[in-house]
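Throughout, protein chains are lettered first and strands after them, A, B, ... in sequence-line order, and every chain is numbered starting at 1.
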Amino acid sequence: MVEYLQSLTPDLNTWLMFTSALFALGIYGMLSRRNAVGVLLSLELCLNAGAVNFALFNRFWSPVQVDGAVMSLFVIAIAAAEVVVAMAIFVALFGYRRTVDVTQLNLVRE
Amino acid sequence: MVGQAVANVLFYLIVAVSLWLAWSVVSSRRILRAAVALMGVLGASAGLYLLLGFPFLAGVQVLVYVGGIVVLLVFAVMLTRSQELLEDHPSDLRHKVAVLAGGAFFGVHLWALRGMPSARAPRVSLPASDTEMLGRALLSTGADGYALPFEVVSLILLAAMIGGIVIARKTQPGQAATTEPVHPLAADAALTAAGSAEQLAESAPAPVSPPVREAAHG
Amino acid sequence: MPDLSFILSHAWLIPALPLASFLLVGLVLRPLHKPLAGAVATAAVFAAAGLSWWLAFDYLHLPKTAGGALPVLVPTSVEWLRFQEGLSVHLGTLLDPISVMLLVVVTTVSALVHLYSTGYLHGEDGYGRYFTFLNLFTFSMLGLVLAPNLVQMYVCWELVGASSFFLIGYYYDRPSAVSASKKAFIVTRFADLGFLLGILVLGYYAFTIHAGMGAAAAGQQALDFAFLTRPDVLSQLQALQGQFLGIGTLTLAAVLIYTGGAGKSAMFPLHIWLPDAMEGPTPVSALIHAATMVVAGVYLVARSFPIFAASAEALQVVMVVGAFTSLFAATIGCTQDDIKRVLAFSTLSQLGYMMFALGVASYEHPLGYTASMFHLFTHAFFKALLFLGAGSVIHAVHTNNIWQMGGLRKYMPITHGLFLLATLAIAGIPPLAGFFSKDEILAAALHSGHTVVFGVGLLVAGMTAFYMFRIYFVTFWGERRLSHLHHQDDHSHDDHSHADPHESPAVMWIPMAVLGLLTIGAGFVPIPEWVRLVPLDGKLPEAHHGVDLAVAIPGTLAGVIGIALAWFFYAGDPQRANSAVLKLGRFYAVIKAKFYFDEIYLFVTKSIIFRLIAGPIAWFDRMVVDGLVNATGWVTRLGGTAVNASQTGQVQTYGSWLMSGVVLAVVVLWATTRQ
């Protein structure tokens with residue numbers, strides 16, 4: 001049953017509109033959040049939207065292969081690596097600066 | 001027709017839940033609540049994978065993303081607990097810029113999609129399991145195999161793990177990591193040399209470093 | 001190639017030893033242990049000298065070629081730079097009579113000078129530095145001597161120039177030494193430019209010929225001496241039609257190469273650096289500025305003699321410049337007061353001798369070539385001895401001025417004897433070395449039909465005897481003049497300047513004694529039999545034997561007259577010399593001022609070049625070029641200040657810019673790809 005559901009779902013553009021909305025929300029979060037962890041959470045939204053897009057195009061354009069799905073897997077793996085490093089940085093940063101507020105982290109300029 | 005109705009209902013349901021949760025991810029004042037909402041969004045995406053016919057991908061999404069990454073995020077939030085971390089108020093300007101950027105992105109996308117030919121997914125007989133196909137694709141060394149990227153990703157994960165451990169080691173401002181009071185190996189050596197548990201207890205580091213405790217109280 | 005003995009096939013060891021010692025002493029020993037540094041440097045050169053003698057022995061016992069000449073060998077040749085087939089540069093060793101001869105001369109004199117220096121510079125601060133550069137010089141000179149092609153020769157040529165620069169400026173706290181070293185470097189560099197241009201001109205045409213010869217030139221490179229001196233190559237070079245300012249290509253190349261040689265050998269008008277180079281320590285003057293480096297120019301002309309022989313005009317230039325320099329320098333030498341400067345002008349004069357000997361040589365009258373090399377050989381020994389003797393004197397009395405010396409005969413008997421020996425040798429008194437070689441040169445000039453040059457040679461021989469005995473008499477005879485002055489006016493000097501001058505230590509007079517033996521014996525070495533210009537067909541005619549009395553008698557007579565005149569003016573009543581000087585008056589003053597050549601050069605460089613050319617260029621550089629550079633920096637800084645505001649350092653600002661960029665890129669993409 002599940003195998004056939006995909007051909008009954010709405011057309012590609014509807015899917016894409018949804019993933020763009022997800023991505024746009026992620027952008028909004030990345031730029032508006034002051035908390036670095038919040039920025040990271042929003043970033044995950046964007047990554048997730050991208051991963052879904054890979055699977056989406058795979059299913060709509062070449063359904064008998066899995067190359068897009070492989071890319072989705074890689075996106076998930078890279079996201080895992082990125083989160084580990086980012087969280088380690090935040091923990092260390094918090095140890096030094098007592099804050100993870102990205103609006104106060106402007107050491108690059110100084 | 002029933003199938004189509006079911007599919008549509010499922011799709012729009014997931015979309016609605018996703019968008020609502022995503023909104024709370026980016027707008028919730030409390031970071032923990034945002035993290036939980038993200039968990040929901042990612043779970044909903046797992047549902048989308050299922051709907052697209054990728055049960056294995058859905059499983060990975062739940063296991064790795066929801067179960068791994070978000071839990072890590074939550075842990076990190078808890079470890080660096082502070083009042084400031086839990087609250088978040090975007091400033092007005094920042095809010096406007098963000099809305100503009102996100103809106104522009106979305107607008108451009110819609111605009112681009114408008115002229116794009118669209119179709120429903122082709123109705124073909126799918127392989128019984130995407131798991132087998134994904135497995136073969138990932139481990140195949142042939143022309144369309146992904147063995148090399150797969151290995152590279154595993155290296156990246158290893159590097160990220162080591163990097164994460166090194167970076168997050170407990171260090172004080174102005175104090176290099178190498179000058180920690182006692183290195184575990186040094187403690188072992190002291191134990192063997194003196195055979196005294198007291199010595200070890202004396203030299204062992206405090207479980208929680210004082211500044212973090214202060215911050216928690218403050 | 002016949003089976004070569006070990007040393008013949010490993011001739012590269014000879015320059016390698018001083019090189020290794022240079023690196024060891026310069027990089028390791030110099031700061032650690034001074035005496036050890038000196039000992040290692042000296043030992044290395046002595047070892048090289050031993051190998052050279054061994055090599056010369058083996059070389060002379062090689063089977064001769066069909067024409068009766070000693071063979072020409074290239075036992076080592078390593079490709080260093082490869083430009084093109086036929087135009088790659090090799091590093092290697094070339095053994096032929098002149099290179100073997102010079103090998104022996106350079107290593108022997110260098111070894112003795114090294115030994116002498118350990119005494120002469122004992123206890124000085126720059127001791128290690130001195131030996132480092134002396135080693136470097138020995139290495140480069142040997143590389144120059146052994147060079148099988150023009151490029152290696154040029155490289156070593158510059159290296160000897162650099163080591164000469166370092167050693168002239170050894171006393172770098174003395175402004176005079178600093179400016180002398182700069183002068184030497186700049187003047188010789190200027191001449192080397194000519195050498196380089198000559199190499200380029202010759203290389204260009206030789207390579208064209210090489211390419212046209214195909215298999216006939218296989219295994220040879222266009223810039224190898226072996227290739228350049230092939231008769232068929234020379235005839236093709238001669239046939240070149242190219243003209244530059246009315247000069248044929250081959251002549252142009254030869255004259256340009258000669259310019260380099262003239263700079264190094266201090267030929268007129270590039271002679272001005274050599275007298276000033278006497279600011280260096282005296283052993284350096286003995287080794288570099290008398291015995292070895294300055295003869296590199298003569299050697300260069302001799303080495304590429306077939307090229308010069310193919311161009312009569314070039315040889316004419318060599319002859320005229322050589323003869324003129326010889327006379328010119330001898331004239332100045334009669335008037336100088338500084339013992340080392342007199343010796344320097346005498347070196348100039350003798351170098352002119354060697355040069356004009358080459359200039360009168362040709363394939364019809366090859367004697368000049370032999371004579372020049374023979375004189376180079378003997379001159380190295382007695383001139384080094386003269387310098388070392390002068391150094392010994394200077395070491396004892398702490399002045400260079402001959403009028404502050406005098407009467408040293410009594411205090412320094414060994415130095416006196418050896419100095420007298422060398423002076424007699426340079427004056428051409430038989431049976432000392434100088435007699436034989438000078439005789440050969442005069443004979444070469446006479447028999448090749450250059451009577452005027454012969455006359456000049458004879459005159460110079462007399463003048464040489466005169467000015468050399470002038471300094472000899474003034475320095476060693478008469479009354480002591482210096483130490484009384486010291487007693488009166490300066491009591492703060494340390495002990496040995498108060499005391500009577502005393503003989504130099506054994507480490508200094510032993511090398512001098514060895515050179516003395518060589519001065520006596522060098523004339524009997526059958527160099528004229530070994531070093532001969534091989535005719536183009538490779539068949540040597542019968543050797544010229546014995547002394548030509550028609551030349552030897554006037555030559556010796558000129559020397560004796562010169563000595564007599566010197567004795568008349570300087571050994572007896574000093575008034576005789578003074579009145580003669582007064583009679584000559586203005587003329588004498590002009591000569592004493594070295595014909596004002598330094599002043600002329602200064603005027604040309606300062607008033608003409610600096611003011612009219614360098615000045616405007618400097619103004620342009622300061623105002624326009626620097627102005628542009630400053631403007632660039634100023635604009636950049638202004639721009640940076642303006643843009644600085646956008647750099648908030650906050651990641652979200654950058655994120656916003658990134659997003660606007662993405663949106664913009666999509667819009668642009670869409671707008672440009674729309675049909």
Side-chain angles (χ1 to χ4, degrees), chain A residues 2-13 16-18 20-22 24-25 27-29 31-35 37-38 41-42 44-45 48 52 55-56 59-60 63-64 66 69-70 72-74 76-81 83-85 87-92 94-96 98-101, chain B residues 3-4 7 11 15 19 22 25-26 31 34-35 38 42 45 48-49 51-54 57 60 64-65 68-69 72 76-77 79-80 88 90 94-95 97-99 101-102 105-106 109 113 118-124 126 130 133-134 137 146 153 156-157 160-161 163-164 167-168 171 173 215:
Chain A
V2 170
E3 285 85 30
Y4 295 102
L5 271 183
Q6 41 86 25
S7 61
L8 303 172
T9 52
D11 64 340
L12 184 58
N13 278 6
L16 288 176
M17 259 185 257
F18 160 66
S20 334
L22 217 53
L25 277 171
I27 289 171
Y28 166 77
L31 297 182
S32 67
R33 283 277 188 197
R34 292 177 60 191
N35 190 318
V37 180
L41 292 178
S42 313
E44 293 304 321
L45 273 186
N48 186 57
V52 171
L56 200 57
R59 188 50 83 214
F60 275 76
V64 290
V66 288
V70 168
S72 299
L73 275 179
F74 284 153
I76 294 172
I78 302 287
V83 167
V84 167
V85 175
M87 290 322 295
I89 290 174
F90 294 158
V91 170
F94 187 77
Y96 277 107
R98 299 272 146 243
T99 179
V100 285
D101 184 347
Chain B
Q4 177 143 17
F11 174 74
V15 164
L19 287 178
V25 168
V26 296
I31 252 350
L38 179 67
L42 298 177
S45 291
L48 287 179
Y49 287 137
L51 202 56
L52 284 171
F54 291 114
L57 209 51
V60 171
V64 179
Y65 237 139
I69 301 176
L72 180 68
V77 170
L79 277 175
T80 58
D88 198 350
R94 203 168 288 277
H95 179 73
V97 168
V99 167
F105 180 87
F106 190 56
H109 255 249
L113 284 178
S118 181
R120 287 170 189 269
R123 191 180 185 117
V124 292
L126 294 176
D130 71 325
M133 284 187 73
L134 276 170
Y146 290 91
V153 165
I156 289 176
L157 283 171
M161 187 176 80
I167 294 169
T171 48

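For chain A, the nearby parts of Ala34(B) are the backbone and the side chain; heavy atoms of each come within less than 4.5 Å. Using a 4.5 Å cut-off between heavy atoms, Val15(B) touches chain A through backbone and side chain atoms alike. Residue Leu19(B) touches chain A through both its backbone and its side chain, counting heavy-atom pairs closer than 4.5 Å.
When all heavy atoms of Phe105(B) and Ser20(A) are compared, the pair lying nearest together is CE2-O, 4.3 Å. Gly164(B) approaches Ala88(A) most closely through the heavy-atom pair O-CB, 3.2 Å. In this structure, Val64(B) and Ile76(A) approach most closely via the heavy-atom pair CG1-CG2, 3.6 Å. Nearest heavy-atom pair across Phe54(B) and Ala55(A) is CE1-O, 3.6 Å. Of all non-hydrogen atoms in Leu57(B) and Ser72(A), the two that sit nearest each other are CD2-CB, 3.8 Å. The two residues Ala24(A) and Phe106(B) have their closest heavy-atom pair at CB-CB, 3.8 Å.
Options Ile78(A), Asn48(A), Val85(A), Val83(A) differ in how many heavy-atom pairs under 4.5 Å they form with chain B, and the most are formed by Asn48(A). Between chain A and the options Leu134(B), Val99(B), Leu42(B), Leu157(B), the largest number of non-hydrogen pairs under 4.5 Å is found for Leu134(B).
Here Leu48(B) contributes atom CG and Arg59(A) contributes atom CZ; the two are 13.5 Å apart, rounded to the nearest 0.5 Å.
Every residue two or more places apart in sequence or in another chain was checked for a side-chain hydrogen bond (donor to acceptor under 3.5 Å, both in side chains) with Asn13(A), and none qualifies. Here Tyr49(B) pairs with nothing under the side-chain hydrogen bond (donor to acceptor under 3.5 Å, both in side chains) rule; sequence neighbours left out.
A 4.5 Å side-chain heavy-atom check between His109(B) and Leu16(A) finds every atom pair outside the cut-off.
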